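Notes for the one structure printed next.
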Amino acid sequence: MSMQVDTTQMEKVSFNAEQLEEIRELVARYPHPRSALLPVLHLAQQHFGYLPMNVQQLVADTLDVNLMQVREVVTFYTMFREQPTGKYLLEVCTNAGCMLNGACELLEHMCRTLGIRVGETTPDGLFTVTEVECAGACGGAPVVQVNNVYHEKVTAEHMDQLIADARAQEDGGVA
Amino acid sequence: MIPSDPSKVTAICFDRIHLPGQATLEVARKNGAYSYLPTVLNEMNREQIIEQVKISGLRGRGGAGFPTGLKWSFVPRNTGKPTYLLCNADEGEPGTFKDRDIMRFDPHLLIEGMIMAGFALGVHDAYIYIRGEFLHEANVMNAAIKEAYAANLLGEHILGTDFSMHLTVHRGAGAYVCGEETALIESLEGRPGRPRFKPPFPAVEGFYRCPTVVNNVETLATIPAILEHGGQWHKQIGVPNSAGMKIFSVSGHVNKPGNYEVPMGMPLRVLVEEYCGGLQHGDVPKAVIPGGSSTPWLGPEHYDVPLAYDEIHKAGSMLGSGAVIIMDETADVVALTRRLSHFYAHESCGQCTPCREGTGWLERVMLRLEAGGCNARDIEVLQDASEHMAGRTICALADGAAAPILSLLRMFPDEVNSYLAENKA
Ligand SMILES: Cc1cc2nc3c(=O)[nH]c(=O)nc-3n(C[C@H](O)[C@H](O)[C@H](O)COP(=O)(O)O)c2cc1C
């Protein structure tokens with residue numbers, strides 16, 4: 001069938017013993033193992049960095065659900081990513097409260113500084129910039145999440161500093 | 001300490017929020033957390049609790065404002081199925097950021113409220129559905145829950161009673177619609193968050209088709225004070241039909257944006273000027289969104305509206321989640337509406353045609369309007385389409401998508417006209 005995805009040719013991945021134990025504990029908290037799908041996808045994304053098809057197959061096998069059900073969930077929720085991102089994922093909220101406090105200008109500034117467009121990753125693989133919906137922290141607008149950590153009342157200078165620090169650390173690490 | 005004289009109450013949910021270390025059980029207990037719980041578990045029965053919550057006049061703080069005690073009384077007994085309690089911590093409505101502060105600063109208050117609600121409803125398994133982005137808040141909640149288990153405040157035979165309840169934090173993954181209670185249930189069942197047709201309501205058929213109560217964080221965090229001080233006490237705070245305190249999340253063009261817990265009925269102007277440091281520019285707002293991005297906008301003529309359910313309704317909008325977004329004279333209302341139309345198009349789950357097609361279409365017209373490519377006929381269609389989306393779908397997301405567009409066209413026709421192609425030339 002055309003809807004089926006052939007994962008047999010893909011590199012096999014697995015969870016380690018500790019993760020399997022964590023998954024067992026997660027599953028036990030719900031009336032049905034299927035409820036553990038979002039938590040297990042979070043766990044998998046945390047471990048593998050993103051959710052390529054072989055990881056989705058692994059999640060499906062682990063929870064004994066159909067791969068298509070996993071895919072349906074992965075593609076529905078914006079936090080689940082089928083593509084890798086840069087080492088630093090910069091998510092800029094541009095919804096109402098942030099927009100009224102300069103978020104669009106901030107986003108533009110970040111893109112200009114990094115030489116990329118929204119949704120792209122710098123060629124060195126360090127930074128990805130995305131635009132996200134309301135982060136639920138509008139009192140601290142504009143809000144930028146850096147690898148899921150909230151930064152509030154962010155200015156262009158803050159972001160320049162954060163980017164410079166990350167680069168310096170990276171250069172230090174290489175040398 | 002919350003005073004037992006209702007006229008002296010200055011905070012309920014935020015009463016202990018700024019105390020250092022409040023997120024830990026040791027400090028929270030020193031400050032009074034769980035002190036009344038044994039009395040509730042040992043001396044009150046389910047009916048008495050529900051009765052007090054009914055008397056209190058508490059209405060759901062998540063947006064719809066449904067009376068909490070009444071909702072609890074709809075839960076059928078002796079169905080042979082378990083009853084579930086789900087705390088809605090999805091906090092996705094643009095402008096809303098109050099539940100986050102309760103969870104990260106006073107997690108034990110929410111846990112205590114959930115234990116009491118769970119006891120009243122005969123719940124054995126409860127869940128907190130928290131938006132995925134709130135990773136820090138989920139971690140704080142999990143740490144607090146762990147402490148509560150260790151102190152026998154959760155788990156089997158809580159504080160030596162017959163009551164047992166388990167509590168689990170469940171992270172969403174970035175979908176606004178999952179804040180809608182039936183979408184939340186779908187999501188908790190490991191599926192995309194597509195709202196279910198009601199009835200049956202969750203109270204009768206919810207999580208895995210079992211009786212389920214869904215309540216907002218702020219609603220549940222109000223329960224301990226109501227049970228300790230009595231329903232009548234709570235009813236005397238605020239104004240008729242809008243009892244109690246309410247957290248307003250104020251954002252946009254104010255000097256001190258943030259969460260402010262104030263008695264219901266406080267005039268909007270007082271909130272903005274005395275609490276939020278006034279407007280960034282000018283003396284009166286250009287427009288105010290009083291209850292989150294899905295509620296109709298109010299104009300400067302409503303600057304003195306009392307922040308209460310009926311009064312805001314009379315002014316033409318809704319109290320919603322208490323998310324007040326202020327626009328001063330510098331606001332570009334066309335750009336803001338375009339941005340909101342993108343939000344709804346992005347967040348529509350796609351199952352109802354008017355919403356799926358309508359939201360995408362509204363966004364495209366708004367983009368074209370902003371770029372100077374619309375004519376007067378497009379504006380009529382914008383109006384028509386918005387009117388025809390509202391109320392024609394399974395959930396209220398489509399109504400929310402229509403609200404900003406209809407507000408813009410009603411309040412700012414001149415500004416909209418100035419964008420039209422014929423006037424731009
Ligand atoms: C599109 C949509 C999104 C919603 N988002 C939330 C939310 O993030 N948090 C919330 O508590 N209620 C939200 N609600 C309201 C819930 O459906 C429900 O009314 C509420 O959780 C009930 O709890 P309460 O009675 O304590 O307010 C939303 C409703 C809709 C239609």
Side-chain angles (χ1 to χ4, degrees), chain A residues 25-43 45-46 51 59 63 65 69-81 91 93-101 103-104 131-143 145 147-150 152-153, chain B residues 82 84 90-97 99-101 125 127 131-136 166 168 170-176 178 187-194 207-208 210 249-253 256-259 289 293 323 325-328 330-332 335-336 339-340 342-343 346-347 349:
Chain A
E25 279 171 24
L26 281 170
V27 167
R29 291 167 173 266
Y30 302 94
H32 193 288
R34 180 183 182 130
S35 281
L37 184 49
L38 266 70
V40 173
L41 283 169
H42 276 303
L43 186 147
Q45 181 160 282
Q46 169 80 22
L51 299 168
V59 170
L63 289 175
V65 296
Q69 296 173 327
V70 177
R71 291 223 65 203
E72 194 190 14
V73 164
V74 168
T75 54
F76 185 86
Y77 295 92
T78 51
M79 284 181 75
F80 294 137
R81 299 181 302 265
E91 299 177 290
C93 170
T94 56
N95 208 309
C98 287
M99 185 184 200
L100 292 171
N101 285 290
C104 298
E131 190 175 1
V132 292
E133 294 305 340
C134 184
C138 326
V143 179
Q145 296 167 62
N147 292 343
N148 229 315
V149 175
Y150 278 57
E152 301 182 27
K153 300 196 176 164
Chain B
Y84 294 104
D90 198 51
E91 191 137 86
E93 174 78 5
T96 316
F97 51 93
D99 300 335
R100 176 182 180 224
D101 278 358
D125 286 290
Y127 301 87
R131 60 177 297 170
E133 293 86 348
F134 284 174
L135 180 59
H136 170 71
H166 293 266
T168 299
H170 184 98
R171 288 175 65 213
Y176 163 64
C178 288
S187 181
L188 195 60
E189 290 182 12
R191 278 191 283 265
R194 296 198 188 96
F207 189 41
Y208 290 107
C210 297
S249 304
V250 190
S251 66
H253 289 148
K256 289 197 293 175
N259 284 315
I289 314 184
S293 68
I325 305 171
I326 305 277
M327 294 174 240
D328 72 16
T330 65
D332 181 342
L336 189 91
R339 180 62 185 84
L340 287 176
H342 172 72
F343 169 73
H346 183 259
E347 300 300 331
C349 80

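Naming: A, B, ... by sequence-line order, numbering from 1 per chain. Predicted model, so just to flag it, every value in this text is computed and none were measured.
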Flag the one option from [options] with the top tally of heavy-atom pairs under 4.5 Å to chain A.
options	result
B:Ala175, B:Ala331, B:Ala173	B:Ala173
B:Ser251, B:Gly95, B:Gly193, B:Pro257	B:Gly193
B:Ser249, B:Cys210, B:Gly258, B:Gly172	B:Gly172
B:Lys256, B:His346, B:Arg131	B:Arg131
B:Ile325, B:Leu188, B:Thr96	B:Leu188

N/O donor-acceptor pair under 3.5 Å between B:Glu133 side chain and A:Ala135 backbone
no
Taking A:Asn101's backbone N and O only, do any of them form a donor-acceptor pair with B:His253's side chain (distance below 3.5 Å, no angle check)?
no
With sequence neighbours excluded, tell me which residues meet salt bridge (Lys or Arg N to Asp or Glu O under 4.0 Å) with A:Glu133.
B:Arg339
Do A:Ser35 and B:Glu189 pair up side chain to side chain, a donor and an acceptor below 3.5 Å, judged on atom types alone?
no
Heavy atoms only: give me the nearest B:Asp90-B:Tyr176 pair and the separation to one decimal.
OD2-O, 3.6 Å
Contact origin within [X] toward chain B - heavy atom pairs under 4.5 Å:
X	answer
A:Thr75	neither
A:His32	both
A:Gln145	side chain
A:Ala96	both
A:Val132	backbone

For the interface with chain B, which of [options] has the highest count of heavy-atom pairs at distances below 4.5 Å?
options	result
A:Glu152, A:Gln45, A:Gln69	A:Glu152
A:Val70, A:Leu37, A:Leu26, A:Leu100	A:Leu100
A:Ala141, A:Ala137, A:Gly97	A:Ala137

Counting only heavy atoms closer than 4.5 Å, note whether [X] contacts chain A via side chain, backbone, both or neither.
X	result
B:Ala335	both
B:Ile289	neither
B:Phe343	both
B:Tyr84	side chain

Could you check A:Met79 against A:Asn148 for side chain to side chain contact (heavy atoms under 4.5 Å, CB included), going step by step and ending with a plain yes or no?
CA-CA 10 Å; A:Met79 284 181 75; A:Asn148 229 315; 3.7 Å; yes
Would you check, one step at a time, whether the test side chain to side chain contact (heavy atoms under 4.5 Å, CB included) holds for A:Arg34 with A:Leu63?
CA-CA 7 Å; A:Arg34 180 183 182 130; A:Leu63 289 175; over 6 Å; no
Is there a side chain to side chain contact (heavy atoms under 4.5 Å, CB included) between A:Tyr150 and B:Arg100 once you walk through the steps?
CA-CA 12 Å; A:Tyr150 278 57; B:Arg100 176 182 180 224; 3.9 Å; yes
Is the distance between the ring centroids of B:Tyr208 and A:Tyr30 under 6.0 Å?
no
Side-chain contact test, heavy atoms from C-beta onward, threshold under 4.5 Å: evaluate it for B:His136 versus A:Val149 and give yes or no.
no
B:Ser187 vs A:Phe76, test: side chain to side chain contact (heavy atoms under 4.5 Å, CB included). Steps then yes/no.
CA-CA 10 Å; B:Ser187 181; A:Phe76 185 86; over 6 Å; no
